[in-house]
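Within every chain, numbering begins at 1; the chains are lettered A, B, ... in the order of the sequence lines, protein sequences first and strands thereafter.
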2 protein chains.
Amino acid sequence: MPTIKDIAKELGISVSTVSRALNNHPDIRQETKQEVLDAMKRFNYTPNAVARSLIQRKSNTIGLMIPDITDPFFSAMAHDVEEVLSDSGYQVVYVNTSRRPEKEKRFLISVLERKMDGIIVTPDFLDEEAIELLHRLKIPVVFLRRRPPQGLNVPFVDVDHYKGACNAMDYLFSLGHNQIGFIGMPKYSFTGKERYRGYMDSLNRLGLEADPRGVTFDGRTMQCGYRAMDSLMDKYPSMTAVFAANDLLGIGALEWLAEHNISVPGQISVIGFDNLEVANLHWIKLSTVAQPRKEMGRKAAELLMEMLLSNELTAESILLDTNLVIRQTCSEAQIVRTR
Amino acid sequence: MPTIKDIAKELGISVSTVSRALNNHPDIRQETKQEVLDAMKRFNYTPNAVARSLIQRKSNTIGLMIPDITDPFFSAMAHDVEEVLSDSGYQVVYVNTSRRPEKEKRFLISVLERKMDGIIVTPDFLDEEAIELLHRLKIPVVFLRRRPPQGLNVPFVDVDHYKGACNAMDYLFSLGHNQIGFIGMPKYSFTGKERYRGYMDSLNRLGLEADPRGVTFDGRTMQCGYRAMDSLMDKYPSMTAVFAANDLLGIGALEWLAEHNISVPGQISVIGFDNLEVANLHWIKLSTVAQPRKEMGRKAAELLMEMLLSNELTAESILLDTNLVIRQTCSEAQIVRTR
DNA sequence: CTGAAAGCGCTTACAG
DNA sequence: CTGAAAGCGCTTACAG
C-alpha cells in the first residue's frame, strides 16, 4: 500500500504538500495539487484512516449498543441510525449485548480504547462500574429507548409510553368499556412500568379501580399473551376489553380467543402497543399504539451529530409521541357482533 | 487520557517495559509487571487501540455489508455474525447498502482506509469498479448469501436454493399435485432464479411441463403475492397448488385466498420458502422451506475467522441445506376439505 | 530482564 | 506556497 511518502518521493516534494493536497488545504498551488492528485490515482493511493485518527484524535466511528438486532424494534432503529450517521461520514460499530452485563461493559471499554467519537446505547444493566465507565468516556452519549440513571447527564430519545398507554385507554373508554383487563410486561422493565402506570392512572381518572384479577404480568412474547388471556378469562370474565402492553402479547391473546371461538371485537376488544408489522396482517388487524421506531433511530443519530458539532456533552432529550392506529380489534362495549 | 509514557514516567522505567507488561510479554520480571499493572489501574489507563492498530497493521475490526438490517433475514445473520466475531475479540462495523451501488462502493473504500481485517458482504451490484476494489483489498472476504463473480476467488456461505425448491416440489408431488403454479421473485435475483430453476426442473423430471399461465414474477412482498394469486386464479384455474418463492409472497397469496373464501389446503395448497417467524402464526401456519439464517451468519463468521487465522485469502465455500417444515397449508390434491 | 531508538502513516504549527 | 520537524501512542527489534 502506497503512503504519502511514496507520493512525495515520486513527485520530489514534501509529505506536507502531499497532505495538503489530500485535505484540500488552501495553502497549495492549484497545479501542485493536481499533480499530487494524479499521482495518487496512478498509485491507487488510499489514505490510512487509522493514522489520521491517531493524530486527529477522532476516529469517525460511532458505537451503537443494542440488546438484540433481531428484534424488529431495534433493527428499525439501527437502520436509521446507520443511515444518518453514514451520510455524515461516520462508521457505526454495532454490538448486540444480548442483555448481558459483561457484554455491555466490554463494549464501553472498547469505546474507550477505539477512541470512538460518540455512542448511542440501549443498556439493560447499569451497575456502578458501567456508570463510572460512561463518565470516563468524555464523548457524546445518547440513550435510545432508555433513561439515563441519576447523576448521568446525557440526553435520551424515547417515546412517551405513559401517554401512549393513556391514549389507548381513552380510546377504549370512548367505546364504552370500563372493565378492562391488562396484560403487562415484566414489572422490572421501565417501559412495562410506564404503560402499566398509564393503565392505572387512566382508570383512576375515571374514578374506576383496576380489578386485581384483571391484571397479569408475565413475559413479553406471544406465548405469554396466550397464557395471560387464558388466566384473565378465567379470573375476570366480566371484562369487555383487554389492553396488552405490547403487540406480541396482544397477538397471543387474539390467538387464545380465536381458538376458543370468542369473537373479536364482538365479544371482547383487544388493543396492543408497538405496531409491529404483523399487527397489520389480514388475519390480525390489531388496533394498537404505534411507536415511530425509525424516527427514534433517526432522531438519536441527529441528536448525536448535533452534540458532536457543538462539542457539547449534553443536550435536550427527545420524547416522541405515539400514534393510535385503529384497525379491527376494538368496538363498542356491550354490542355483540361477529367479526 | 494517560498514555504508557505517563505510566513509565511515574514508575521511572521505560515505555518498552510498560508495553511489555501490557501485552504480557514473557521478557519482564513479575514484580515489575505487577507495579506497572497497579499504576495502570491507579491512572485509569486504557490502551489506545488506534495507535496499536497503526503499528500492528491490524485493526481488529470486521466489516459487515448487508442490504437492509430491517429484513429479518439479515438481522438474524447479523446477529450471529456479531456474536462469533465479538467472542473472538473483533468489532463489527456494519453498513446497510439499501441496495445502492454507490453505498456499496463507499463501504469498500472505507474498508481499505480503515484497514479492516476482513469483511462479510452481501452485495447487490458488482460492477467492474467494485470488483477491482475487492481485488485491492487483500484481506479475507466472505460472500454471504451471494455468489462471488467470475474471477474473484473468495468463498461464500449460502443455502442451496435449488435443492430447497426441489424439495418443496417433491413434497407437493408426493401429495398428488401436478398442476402447480409458481409465484416468483424478480427474475434478476440469483435466489429467484435458483428457486425457479428448481420448480422447472422438478416438473420436467416428472415429464410435466410448466403451464406458462401458471408462472408469475413480480416483486417479493405480500402485496405482490396477493396480486400474483389473483392473476394465477384467473389464468390457471385448474391449478391445485402454488409454490411461492418466498414466504411473504405465500402469505400474500393466502390472504387473497382467505378473502375469496377459497379454503387452504382444502381447495388449494400453498407452500412458501424462508420460514419467517410469521409463517408460524396461528392464522397462517404456512408450510415452507426453512433456511438456517442464524447458522449462515455463524458459519460466515467462523469461515472468516479461519481465513484470518490461517492467513489465507480463500477457502472452501459452504452450502447449507434447507429444511422442509410442514405445517397446515398443503394437503393431498383433489380431496376437498375445509381448513 | 530492561532501555534507547526507530517507525507505523499521517497532520500541523513554524519558518522561510 | 513549500518544506523540515515534531508528534499522535504505541510496538518491536536490537543492544546490553
Q: Using heavy atoms to find the nearest nucleotide of DNA chain D for B:L22 and A:I28 separately, return the residue whose nucleotide is more 5′.
A: A:I28

Q. Mind checking what makes salt bridge (charged side-chain N to carboxylate O under 4.0 Å, His left out) contact with A:K105, not counting sequence neighbours?
A. A:D127, A:E129

Q: Select from A:Y45 and B:T17 the residue whose nearest nucleotide in DNA chain C is closer to the 5' end of that strand.
A: B:T17

**Q.** Sequence neighbours excluded - salt bridge (charged side-chain N to carboxylate O under 4.0 Å, His left out) pairs with any residue from residues 36-51 of chain B
**A.** B:E10-B:R42

Q. Toward the 5' end of DNA chain D, which comes first, A:D27 or B:L54, by nearest nucleotide?
A. A:D27

Q) DNA chain C: stems of at least 3 consecutive Watson-Crick or G-U pairs, cut-off 3.5 Å? A) C:1-3 with D:14-16, C:5-12 with D:5-12, C:14-16 with D:1-3

Q. Is it true that the side chains of B:S110 and A:Q91 contain a donor and an acceptor less than 3.5 Å apart?
A. yes

Q. Does B:F73 have B:R145 sitting over its ring (NZ/CZ under 6.0 Å from centre, angle to axis within 45°)?
A. yes

Q) Of all residues at least two apart in sequence or in a different chain, which pass the side-chain contact (heavy atoms from CB on, under 4.5 Å) check with B:K5? A) B:T3, B:V15

For residues 150-160 of chain B, please give each side-chain donor-acceptor pair under 3.5 Å, one per line with the distance, not counting sequence neighbours.
from   : atom 1 : to     : atom 2 : distance (Å)
B:D158 : OD1    : B:H161 : NE2    : 3.0
B:D158 : OD2    : B:R147 : NE     : 3.2
B:D158 : OD2    : B:R147 : NH2    : 3.1
B:D158 : OD2    : B:H161 : NE2    : 3.2
B:D160 : OD1    : B:Y162 : N      : 3.4
B:D160 : OD1    : B:K163 : N      : 3.1

Q.
Taking any heavy-atom pair under 4.0 Å as a contact, classify A:T32: base, sugar-phosphate, or nothing.
A. sugar-phosphate

Q: Could you check whether A:S19 gets within reach of a base, just the sugar-phosphate, or nothing at all, counting any heavy atom under 4.0 Å?
A: base

Q | Stepwise side-chain hydrogen bond (donor to acceptor under 3.5 Å, both in side chains) test for A:S16 and A:S19 | A | CA-CA 5 Å; A:S16 327; A:S19 172; over 6 Å; no

Q. Under 4.0 Å between a Lys/Arg side-chain N and an Asp/Glu carboxylate O for A:E82 and B:K103?
A. yes

(Q) Over all strands shown, is B:S16 touching base, sugar-phosphate only, or nothing at heavy-atom distances under 4.0 angstrom? (A) base

Q: Tell me, please, the opening and closing nucleotides of DNA chain C, 5' to 3', among those with an atom under 4.0 angstrom from a non-hydrogen atom of chain B.
A: C:dC1 to C:dG9

Q. Relative to the 5' end of DNA chain C, which residue comes earlier, A:K5 or A:R20, by the nucleotide with the nearest heavy atom?
A. A:K5

